[in-house]
Structure formats: structure tokens, C-alpha cells
Amino acid sequence: MISYLARRVAIVLVSLFGASVVVFAVLGILPGSPAQVILGTQATPQAVRQLSAQLGTNKPLWVQYLHWAHGLLLGQLGRSYVSQQPIGPQIARALTVTGPLVLFALVIGALVALPLGLGAALYNGKVSGTFLGALSQVGIAVPTFVGGILLIIVFAVALPVFPSSGFPGWSQPGQALRSLVLPAITLGLVEGAILSRYVRASVLDQLHSDYLRTARSKGLSRAQALWHHGMRNAMVPLVTVLGLELAALIVGAIIVENVFSLPGVGQLLLNAVDNRDLLVVQDIVILVAAVVLVINLLVDLSYHLLDPRVRDEGQR
Amino acid sequence: MTVVVVEAAGARSRAGLWRWARNPSAVVGGTLVGLVVLTALVSLVWTPYPPLAVDPSHTLARPSWAHLFGTDEYGRDVLSRVMAGSRISLYAGVVSVLVATAVGVPAGLLAAERGGIPAQVVLRLSDILYAFPALLAAITLSAALGASTTTAMLAIGIAFIPVFVRVTRSNALVVLGSDYVLAARAYGRRPLAILRRHVLPNIATTVIAQMSLLFSLAILAEAGLDYLGLGTTPPTASWGNMIETGQTYLSQDPLLSVWPGIAIFVAVLGFTLLGEGIAELRNARLGRSA
């Protein structure tokens, strides 16, 4: 187990290093130096040179990369080229919006997916099962931003129950929660629809298994047999999907924050792209990539803990 | 003799058609995909109005016989723009899926056939790409290269490469471990010939099913980028950027962003169902449960 763990962690570290090089290279191929972008086309070459020296962008690319990577490892994300503000606190502030949003969405997603998927599996082959399956299919095909806009039309324009955009800050907790309701439902419904497909497939697998038939022949009802014998097995693939879903939610939040004008990480990222504030883009992208990699690692490890067969296979 | 063979082949394809016709996912998916493709083809030669023609006297008009879906903030016909937008979505889907397939499938085959260091290199590179979900990859790339349909498609295609690497590798490994491949090796067939004659035909359906599923995800991602202003930019009509501008006029005319939303829904549902239908038919043929 320890050697497996070490190997997986090593792979994640290598991937993370690779990802950081990719991000740096992609954003570094840009024509025009950041100093030029900040000062505009009217600036004198002298002023541009001076600012380049100040920002450190006149050094060779590999030196710049090392400087950036070194800072990341120490938790120093640098200062924005545009606003001159330190980037770390900005991201931290944005996370107080994105974090709760993703968390609520995850809960809503699970609340939608478990009954929907379980129902679709238990009533498989019957009209109600097909209907539940179709419902999730429909949910998958609705893009998050369209879902969000539909919710705005119904619950903010037609019936003004929730705000359609903006975030008052956590100093007003009630208002803040209210403005997260529609965004969280938007994200959660779509992700829940996707997740329910996996719940259905996973539970169906168990329902068709030999040991469940044995349990049934002992006289347990289908629900009892599933609860006592099938659930743990059904959970294994679900943990994977839950992990993938979490990654999808983080990315989905970028779009949803834009729909509802929430000042989260997604909005910070998109504003940075608009303002060509490349260090901010670079920092956020590598952080999201790191989170995705760590989630994948945790999923792999939990697989390992839940299923002894995978444990043996992992020894290869 | 020849006649008998032809007849048998005919009977088999009829049976194949019949299986298709009885699979609801394949039928509904195929129909919706057909509808979208047809719309795109028709829009090349005919739309009710030119998609870019403005009419300042008829801005934000409600649906009527003259403008079935109404008009937008410049008085442009929304139906015409939705029709024209289908081209962007299909184009983005085709290019990004082709990019992902063209790189991912050979890389997956290489990893399966060679094993060892080549496999490790392929898998680690694919791990790195896997850290960038399509949308994140596209945002990064458009920060560097500027917003355009091409940037968006390219980024989505690159982000999908790991999916094809994994699907191809795991399926190819199963085929490569089979007795008939062992027999072919013993017979002296070269690795490339084995890949071409045994592996590719056997994994083709799975790969095609995956292509259809990713096609739907590509349409979603591209529309999302357009919505964020990082893909196809106005005035070119795309479903995503139409929704974005429509959101500005939500209180005056909510339908403005609903029409292109329905279009995305139809296209995505179509390609998802088609992909699932293909996978179900394949599993049914192999006698597995779906």
C-alpha cells in the first residue's frame, strides 16, 4: 500500500510539473511583453525596458519559470501585472464565493442523482424507469448557462424570488446565501443528471450480480438485498464519478459565476483574461489543474480502499 | 456462389438495420443529429433572411409569421441566426473530435502495443493533459492566442485527447491479449498488420461511440466558450454568443436566449443518444448487457 501510495503521489507530482510547464509555455508564447501590454503602445521603449526589469520579464524564460514555480511552492503567487495587487489574497477572497457554491452544488447534485439513478435502476424496463432515465438524459443536454438563464427567467424575472445576479458579500449572510441559491441549483441539477446515469449503471450491475440473487433466495427483499450486499459494491464506481463530478463542478462554476455575475474564482479568471493580466491567469489555471490532479489521486486511493481486487491489481 | 454470398450480406445488413430501428437511443439520436445536419446544410444555401441583415425598425420583435423566432436587438432574424449557428457548432464538433481522435487513437495503440517506456511516456503525457478540463484548456489558449472559433476547437480537441488514449489503449489491450492475435503473431504477422487487421476493426465501434459522445461535449464546450466571449465572437452567429447577448435583454424578450438554448439542447441530446445507441448495439451484438 505504501509503495503504491508513493508511486501515485510521484505520478501526480510529475504531472503537476508537466502541467506547470505547459501553462507557462502556452502563456509565454504571447507576442509583446507584459510591460508593453501594461503601458500601451504609446510608451517609450525606455519605460517598457524599465518596467520589464521591475517585473522580471526581461530575464530568460527558464529563469522566469523557475521564479514563478519557486513562488508557487512557497505559496507566493506574485502581484498582478495590471492592478499591482498581490494575487494570493484576491484568489482567497474569490474562494469564499466559489467554495460554498461548489459545495452546495455538490450536495444538490447528490440529492438529485441518488434517487433519480436508484429509481431508474430499480424500475429498469418499466415505463417509470425509462422515464427517469430519459429525464437525466434531458438534464445532461441542457448547458449550464442555458439552465441558469431559464432559472433567472422563472425565479428572478417572472417571479422575483431570488436575485438574478451579484453577490452582497458574507457580511450579509442571509442575502449572500439567497444569491447563491439559483447558481447552486443550476450547477447541481446539471451535474446531478450526469451523476445519475452512473448511479443507475452501477446499481443495475449489482442487481444482476450472482450474490444478490443468492441474497434474494435467502428471502431478503430486493431493497434489503441491495442495501446489505449491493451498496458497498455500487459505491466503488460512484466514488470515481463523484470525484470527476467535483472537478466538473469547479470548471462549471467558471461559467455559472459568469451567468450570475458572482465575484468568484471563475470571474477573476475571466476578467484577467480580458485584461491580459497573464500572471493571474497562469496562477489560477495551475491551481485548478492541481486541484483536478489531487482529486483524481484521492479517487484512485479511495478505489483502493473500497475494493480489495483493485488493491492487488495496483501492485503491478 | 457469388449470388448466395451477396444475398447473405444483404440479409445481414437488413438485420442490422432492423436492430438499429428497434434501439430507441439510436433512432431518436440519429433523427436529432440528422435534423441538425440538415439545418446546417440548408443554411448554406437558404435562410429566411441573411443572418447578418439588420433592420433598425424591427428590433426585439416578438415571434410572428414574418419572423418565426422574432428578431434580436439589431432587428436580425433569430431563426436565420439559429440556422447559421448550427454550422459553427457542427464545425467545432467535427474539428475538435478529429483532432482528439487523430492524436489519441494512435497514441493509445502505441501504448497498448509497445508497453514499457513508450506506454509510460504516452500515459504520463496524457495525465498532464487530463489536468486541463476542456473549458480550462480553452480559456488558457484563448488568453494566449485571442478569442476565435479555431482557438476554441483546438483547445477542446487537445483536452479530449486523453479520453481517446484511455479508451483505445484499454480496448486494444483486450484484443491484443486474445488467442487469435497470438495465432496471428505465431503466423508471423507484423505488429502494424495486427493493429490494422485485428485491433482497429474490433475497437472501431467503441471509438465511434466515444466520438459521438465527445461530439456532444464539444458542442457544449464550444457554446460555453462563445457564451463567455472566448470563442466565436459577434457578429458571426453562434448559439453560445446569441445566448450571451440574449441575456442582456432578458427582461424585454426572454425568448431571445431560449431559441439558441433549444438548438444546443437538440444537438447535444442527439449526439449523446446516438453515441449511447451505438454502444448499446455493440454490446448487444457481443451479448453483453448494456
Side-chain angles (χ1 to χ4, degrees), chain A residues 11-12 14-19 21-23 26-30 130 137-138 140-150 152-153 156-158 164 201 204-205 208 247-248 250-252 254-255 258-259 266 269-270 272-274 276-278 281-282 284-286 288-293 296, chain B residues 24-25 28 32 120 123-137 139-147 155 216-217 219-221 223-225 227-230 239-240 243-244 246-247 250-251 254-255 257-258 260-262 264-273 276 289-290:
Chain A
I11 289 179
V12 166
V14 170
S15 303
L16 198 55
F17 167 69
V21 172
V22 169
V23 172
V26 167
L27 293 172
I29 56 176
L30 215 63
T130 311
Q137 196 67 265
V138 165
I140 292 174
V142 177
T144 36
F145 50 102
V146 175
I149 289 173
L150 290 177
I152 292 179
I153 292 176
V157 177
S164 67
L204 269 184
D205 255 8
H208 291 147
I250 293 170
V251 178
I254 299 176
I255 288 191
N258 199 66
V259 176
L269 175 62
L270 290 172
V273 170
D274 278 349
R276 323 231 70 189
D277 199 347
L278 292 180
V281 177
Q282 214 167 296
I284 295 181
V285 169
I286 195 63
V288 174
V291 170
V292 171
L293 284 171
N296 286 337
Chain B
S25 303
V28 177
L32 294 180
Q120 283 303 316
L123 291 178
R124 292 296 79 80
L125 285 179
S126 130
D127 273 353
I128 292 175
L129 286 184
Y130 200 67
F132 300 103
L135 198 69
L136 195 67
I139 290 173
T140 315
L141 213 58
S142 62
L145 302 176
S216 70
L217 292 181
I219 290 179
L220 270 180
L225 287 166
Y227 173 78
L228 295 176
L230 297 174
W239 294 339
I243 292 174
E244 202 269 323
Q247 198 184 351
L250 219 49
S251 48
L255 287 178
S257 33
V258 171
I262 294 173
I264 298 176
F265 173 74
V266 168
V268 172
L269 189 64
F271 280 102
T272 317
L273 287 176
E276 286 191 1
S289 66

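A note on names: the letters A, B, ... follow the listed sequences, proteins ahead of strands, and every chain is numbered from 1.
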Margin query: Please give me the minimum heavy-atom distance between A:I149 and B:S257, naming the atom from each residue.
Written below: CG2-OG, 3.7 Å
Notebook entry, point to check: Just how far is it from atom CD1 of A:I140 to atom CG of B:L273, taken to the nearest 0.5 Å?
Noted result: 9.0 Å
Item checked: Stepwise side-chain contact (heavy atoms from CB on, under 4.5 Å) check, B:F132 with A:V292 -> CA-CA 8 Å; B:F132 300 103; A:V292 171; over 6 Å; no
Item checked: Top contributor to chain A interface from B:L250, B:V266, B:L217 [non-hydrogen pairs under 4.5 Å] -> B:L250
Next item on the list: Taking the side chain as every heavy atom from C-beta outward, state whether B:T140 and A:V22 have any atom pair closer than 4.5 Å.
Entry: no
Notebook entry, point to check: Between B:Y130 and chain A, which part of the residue has a heavy atom less than 4.5 Å away: side chain, backbone, both or neither?
Noted result: both
Item checked: Distance-minimising heavy-atom pair for A:V26 and B:A144 -> O-CB, 3.3 Å
Checklist line | Among A:V259, A:N258, A:I153, the one residue meeting side chain to side chain contact (heavy atoms under 4.5 Å, CB included) with B:Q247 | finding: A:V259
Margin query: With heavy-atom distances below 4.5 Å as the criterion, would you say the side chains of A:V138 and B:F265 are in contact?
Written below: yes
Item checked: Side chain proximity check, B:L230 to A:L270, heavy atoms < 4.5 angstrom -> yes
Next item on the list: Give the member of A:V273, A:V281, A:D274, A:L150 that has the highest number of heavy-atom pairs under 4.5 Å with chain B.
Entry: A:V273
Note to self: Run B:L136 and A:L269 through side-chain contact (heavy atoms from CB on, under 4.5 Å) and show every step you take.
What the structure shows: CA-CA 10 Å; B:L136 195 67; A:L269 175 62; 4.2 Å; yes
Margin query: Quick check: do A:V157 and B:P254 have side-chain heavy atoms less than 4.5 Å from each other?
Written below: no
Notebook entry, point to check: If we only count heavy atoms from C-beta on, is the B:I264 to A:F145 side-chain gap below 4.5 Å?
Noted result: yes
Check: Which atoms of B:L123 come close to chain A, meaning under 4.5 Å heavy atom to heavy atom: side chain ones, backbone ones, both, or neither?
Finding: neither
Note to self: Can you tell me how far apart CD1 (A:I254) and CG (B:L135) are? Round to the nearest 0.5 Å.
What the structure shows: 5.5 Å
Next item on the list: Heavy-atom distances under 4.5 Å only: say whether B:E244 touches chain A with side chain, backbone, both or neither.
Entry: neither
Check: For B:I128 and A:A19, which heavy atoms make the closest approach, and how far apart are they?
Finding: CG2-N, 3.7 Å
Margin query: For B:I262, which atoms come within 4.5 Å of any heavy atom of chain A: side chain, backbone, both, or neither?
Written below: neither
Next item on the list: Decide yes or no for A:V14 and B:D127: does some side-chain heavy atom of the first lie under 4.5 Å from some side-chain heavy atom of the second?
Entry: no
Checklist line | Options A:L16, A:V251, A:I284, ranked by heavy-atom pairs under 4.5 Å with chain B, top entry | finding: A:V251
Item checked: Validation row: B:Y227, A:V146 side chains within 4.5 angstrom (heavy atoms) -> no
Next item on the list: Taking all non-hydrogen atoms of both residues into account, name the closest pair between A:L293 and B:A131 and its distance.
Entry: CG-CB, 3.6 Å
Next item on the list: Heavy-atom pairs under 4.5 Å with chain A are the metric here; pick the option from B:A223, B:G261, B:S251 that has the most.
Entry: B:A223
Check: Given a strict heavy-atom distance threshold of 4.5 Å, which part of B:V258 is in contact with chain A: side chain, backbone, both, or neither?
Finding: side chain
